[in-house]
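Just so you know, ligand 1 is whichever comes first in the structure, and atom 1 is the first atom listed for that ligand. Along the sequence shown, residues carry numbers from 1.
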Amino acid sequence: MRKPKFQSPSGMHDILPEEQKYFQKIYDVVSNIADFYGFGKIDTPVLEETELFSKGIGIATDIVKKEMYSFRTEGGNYLSLRPEWTAPVVRAYIENGMQTLPKPVKLWYFGPCFRHERPQAGRYRQFWQFGFEVLGEKNAVVDAQIIQIFYNILENLKLKNLIVEINSIGDSQCRPYYKKLLSSYFRTREISLCSDCKRRLRENVLRILDCKEEKCQPIKAEAPQTLDHLCEECRSHFKEVLEFLDEIEIPYRLNPYLVRGLDYYTKTVFEIFPEAVGEEGGSQDALAGGGRYDKLIKLLGGKDAPACGAAAGVERIVSLIKNQNIEFLKAPKSHIFLAQLGNLAKRKSLKLLEDFRKARIRISESFGRDSLRAQLSRANRAGVKYALILGQKEALEGTIIIRDMASGRQTVVKLEKVVEEMKKKLKK
Ligand SMILES: [Zn+2]
Ligand SMILES: [Zn+2]
């Protein structure tokens, strides 16, 4: 087949009608849970000032260095398509005066993000995320509740064998010292590290811990672990988070290599995976991930306030739902097919369809076709119980034929009575 003249941008995809049911189902589950836990929905522009991300996510992160769609506007502003939602949500929180609201402020979102990553199976450059943010609360119960929310959502979507991987990466009190330890550890072994990790050693030493390269694994395994170097406050916070998780019986596993790729995290970080992966973390992508970001609000110009949140990738969840053949997505079927013949009948059919819609009775049609035979064979294939036939004669007389598809029996009723008549038939 020849390539069409125009194609979607590389790494981006259309969400076709048959995909929409998955997106809709996920949206429904997420918004129900958001309601239950008292989160308010927020939408932000897909574009933000580039500096919001370089400052918020961190200038040395892969996202900001390599993956953002950035451009200069006619007016000379530097803008970027959002690569994630947390920085924009925090920007909106500060800008709209939400810091004066009773704490905590709980927000959720659902929409596309953009990252210019190497295209690979299941990864898109425009991808959808949903997420939850709790702003203005430092208690560990919030960390546990965020994890619980994502766990519940994935479970409601019938995904099985979920496991939470969790770690604490400390705060401004204990992390600088830990990073120093880590740097000196890796520096003496620099020669054996992969080329990416050699760069990370200078730019962002924590990221070496989530390197997936074979040759870095044995070096990682001996590296000092963050949990051994937390300050008292971080240690007790983390302990509380784990106690809450035990309390609500969420299965988790400590993963000392979990650091997440963004600079703004402090203390708790976590990811949720569809099933247990090996000690090395495997190559499987997480379904959801997040953590605490106690310094971000101040960093972006707000009053110092703690916060915690997480996000999940919608396409990733959709592909898992498909792989696991999860069925909850049967579209309600219509039991009636409306066939018509001739102009007058077509006009009356349009009106009739509205009457059925108002009566909340599902009915399908094929107005584009003029042959009655083609329409009826379509009705047959759709497996409806009844076909309504509005031919030229019936349209003139103000009647309509009800055909029982199984028996082939036909009855004629007055057009204005047909909705009532069908209501009765469908109840039987
Ligand atoms: Zn490496
Ligand atoms: Zn600390």
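Checked against E203 for a salt bridge (Lys or Arg N to Asp or Glu O under 4.0 Å), the options K65, K198, K179 give a single hit: K65. The residue from D171, T266, I146 that alone fulfils the side-chain contact (heavy atoms from CB on, under 4.5 Å) condition with R292 is T266.
Annotation: cation-pi pair K220/Y257 present, NZ/CZ under 6.0 Å from the ring centroid and within 45° of its normal.
Here R82 contributes atom CZ and C113 contributes atom SG; the two are 5.5 Å apart, rounded to the nearest 0.5 Å.
The salt bridge (charged side-chain N to carboxylate O under 4.0 Å, His left out) pairs that include a residue from residues 106-122 are E117-R123, where partners are two or more places apart or lie in different chains.
Around the Zn ion (ligand 1), the protein contributes the following N, O or S atoms at distances under 2.8 Å: C194 SG, C197 SG, C211 SG, C216 SG. Under 2.8 Å from the Zn ion (ligand 2), one finds the following protein N/O/S atoms: D171 OD1, C174 SG, C231 SG, C234 SG.
Here Q225 pairs with nothing under the side chain to side chain donor-acceptor pair (under 3.5 Å) rule; sequence neighbours left out.
Checked against a 6.0 Å centroid threshold, the rings of Y27 and F130 do not count as neighbours.
The aromatic rings of Y109 and W85 sit parallel to each other, their planes meeting at less than 30°, with 60° as the upper class boundary.
Between D28 and K25 there is no salt bridge, since none of the side-chain N atoms of the basic residue sits less than 4.0 Å from a carboxylate O of the acidic one.
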